[in-house]
Amino acid sequence: MATPVMHPTGSLLDQKMGKSSPGKIGAIVFGLLVVCGLGYIANRLYTDLLPVHEGSLFPYFLLGLALFIALGFEFVNGFHDTANAVATVIYTHALEPHVAVVWSGLWNFIGVLTSSGAVAFAIISLLPVELILKVSKGSGFAMVFALLIAAILWNLATWWKGLPASSSHTMIGSIIGVGVANQLMHGTSGVSGVDWEQVTKVFKALLVSPLVGFGAAALVFLLLKAVLKDPRLYEAPKGAEPPPFYIRALLVLTCTGVSFAHGSNDGQKGMGLIMLILVGTVPTAYALNHTVGVNQVQTFAAVSQQVISAVGNYVDPNTTVADSGPELESFVSTHKFTPHTMLALQEMVGDIRNEATQYKSLGAVPSNMQANVRNQMYLTSETLRLMPKYGPQVSDADQKIFKNYKGLLDNSTKFIPPWVKVAVALALGLGTMIGWKRIVVTVGEKIGKTHLTYAQGLSAELVAMLTILAADGYGLPVSTTHVLSSGVAGTMAANKSGLQMSTLRDIALAWVFTLPVAALLSGCLFWLFNIIAR
């Protein structure tokens, strides 16, 4: 049986690298990216906020503080998740550390920019609906700050111990904590807690993806051994020498793929919360998608009329509704459909159509009405999302009309400005550059009883890349950390190298405790921040 090699003076990676500092060229390149990115962000923020007249500096202070904390979460996410993307190329010396983090940051950036936003808003859909609708109120800010601070604290704690914990898992736990605390604080009087159906869907993805990573990486490794007979592929790195050229090219390719996939999936997790922050602090600029112009509004009005007619097929003529907003909010919160729900939906669709056509474009909606119109659109979209399961039986033709209309609503409210994506990409890159080493050493040296070989790193990263890209296609958040670390463990098992059970035990304990600890932290912070905000 192979035994772990102990290094009294530090990790094997430390011995190979010595005390050298990051290269100047890499630091300069990344510094230029940061400067250019910050300049672009500042320019876009200034342009967006220039027409806004809040009458007080407090909203801008709150905006700056909230953005700082939100990007802090993405920065810490870089410690954990992006560090996994560069772990194999750094450990195998396929790329120097400073080159690897800049390269990974670039592909994270591309992944973030090309992301659909589906994962970002899948995370948002887990939150209590009334807190989303009241995001500009004290309880809404309490929710956002509690989520982010709890996630940051737990991620920092696990990073300090060198444990590849999941930022996705942490965020889900924080959301559960806020939802449960919200329900406990207000009882069940029309107040929603956790959307357990959505949580279950997301949690299944987080649970299954490490198992896929373990099994698939083991199979890929065995396939490589059967096909590629080069013995160098199955050796641990020697000294500071880079691997053979073709092995090096494959490792760089998979690192690129994992970085891109990470940006397209994990990079989205804070975006939805950043959008809630923007809507809560400066709704005039960010509550509605101002790129929706006259032509799109005309199409929206025509589709709205189709929806009004289709909903009329399911309205009980004997029902009346005093106010459609509370009726739809009750349905979205409790999932209890009543005969009044369809009439409320029909009236809300008509109200939204009238408002949109009156002002001809979403950017022209008066500043004091932007948040209200957004809430109307959000409620209507959520009602249409839940109706197939909890509402009446709808014909296929009507369901197509509803789906088309929902897409138009989501385009108006579920959008992410490019500068937000740039900010997230920079935060991830900075986090990776500063905190990569702890996670890299764990992945490279502490999962198996023998050090990571080129083939094992290649197999784990290839599977991680494909798994994350597939999950992104379905709008499901998965953990880069769990997929890659379980993939490394799978290759160690397939190679009969043995596993360091103490490390796996620590990773498993972090996995088990992440959800309850993050939930407890966020729930307590939510309660505390609500007291302060009163």
Side-chain angles (χ1 to χ4, degrees), residues 33-52 59-60 62-78 81-82 105-125 127 132 135-136 140-141 143-145 147-148 151-152 167 171 260 262-292 362-363 370-371 374 378 410-431 472 475 477:
L33 287 175
V34 171
V35 170
C36 293
L38 290 176
Y40 172 75
I41 293 166
N43 176 264
R44 297 312 308 162
L45 261 175
Y46 176 78
T47 302
D48 290 345
L49 298 180
L50 188 60
V52 179
Y60 301 108
L62 202 58
L63 171 63
L65 177 63
L67 285 178
F68 178 78
I69 296 175
L71 293 175
F73 166 74
E74 295 294 352
F75 176 79
V76 176
N77 188 1
D81 296 45
T82 317
L106 175 63
W107 284 98
N108 263 281
F109 177 78
I110 295 172
V112 170
L113 285 185
T114 57
S115 63
S116 64
V119 173
F121 294 108
I123 293 288
I124 292 299
S125 68
L127 295 166
I132 295 175
V135 70
S136 59
F141 281 110
M143 169 189 70
V144 172
F145 282 121
L147 287 173
L148 291 170
I152 289 171
S167 297
M171 182 58 71
F260 175 83
H262 175 265
S264 69
N265 191 284
D266 279 45
Q268 295 188 51
K269 292 183 178 97
M271 288 184 192
L273 293 176
I274 290 175
M275 289 311 299
L276 283 183
I277 291 166
L278 295 173
V279 171
T281 51
V282 279
T284 303
Y286 297 108
L288 297 173
N289 187 353
H290 291 178
T291 64
V292 177
L362 295 186
Q370 294 252 345
R374 171 192 174 271
Y378 178 85
D410 291 345
N411 181 55
S412 301
T413 59
K414 296 181 178 180
F415 66 99
I416 300 173
W419 71 261
V420 171
K421 296 183 177 184
V422 172
V424 167
L426 289 178
L428 284 172
L430 283 170
D472 188 47

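- By the 4.5 Å heavy-atom criterion applied to side chains, Leu127 and Leu276 are counted as neighbours.
- Across all non-hydrogen atoms, the minimal contact from Leu148 to Met171 is CD2-CE, 4.4 Å.
- Between the OG1 atom of Thr281 and the CZ atom of Phe141 there is a distance of 5.5 Å, given to the nearest 0.5 Å.
- Nearest approach of Ala427 to Glu74, heavy atoms of both residues: CB-CB, 3.8 Å.
- Put simply, the side chain of Pro417 reaches to within 4.5 Å of the side chain of Met275, judged on heavy atoms.
- Among all heavy-atom pairs drawn from Leu33 and Leu426, the shortest one is O-CD2, 3.9 Å.
- How far CZ of Phe415 is from CG of Asn289: 5.0 Å, rounded to the nearest 0.5 Å.
- Heavy atoms only, all atoms of each residue included: Pro283 and Ala371 are closest at CB-CB, 4.0 Å.
- Exactly one of Val424, Asp48, Asn43, Thr47 qualifies for a side-chain contact (heavy atoms from CB on, under 4.5 Å) with Trp419. That residue is Asp48.
- For Val292 against Ser412, the heavy-atom pair with the smallest separation is CG2-OG, 4.3 Å.
- Tested against Lys421 for a side-chain contact (heavy atoms from CB on, under 4.5 Å), the candidates Ile274, Thr114, Ile416 yield a single pass: Ile416.
- With Leu362 as the fixed residue, the side-chain contact (heavy atoms from CB on, under 4.5 Å) test singles out one of Asn411, Thr291, Leu288, Thr413: Leu288.
- No side-chain heavy atom of Ile69 sits less than 4.5 Å from a side-chain heavy atom of Ile277.
- Taking each heavy atom of Tyr40 and Pro418 in turn, the nearest pair found is OH-CB, 3.4 Å.
- Contact of the Tyr60 side chain with the Leu49 side chain is registered, since non-hydrogen atoms from C-beta on lie closer than 4.5 Å.
- One distance of note links CG of Leu67 with CG of Leu45; it measures 7.0 Å at 0.5 Å rounding.
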message: Please determine whether side chain to side chain contact (heavy atoms under 4.5 Å, CB included) holds for the pair Leu113 and Val422, giving the CA-CA distance in whole Å, both sets of side-chain angles, and the decisive distance to 0.1 Å.
response: CA-CA 7 Å; Leu113 285 185; Val422 172; 4.2 Å; yes
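- Counting heavy atoms from C-beta on, the side chains of Phe73 and Leu147 never come closer than 4.5 Å.
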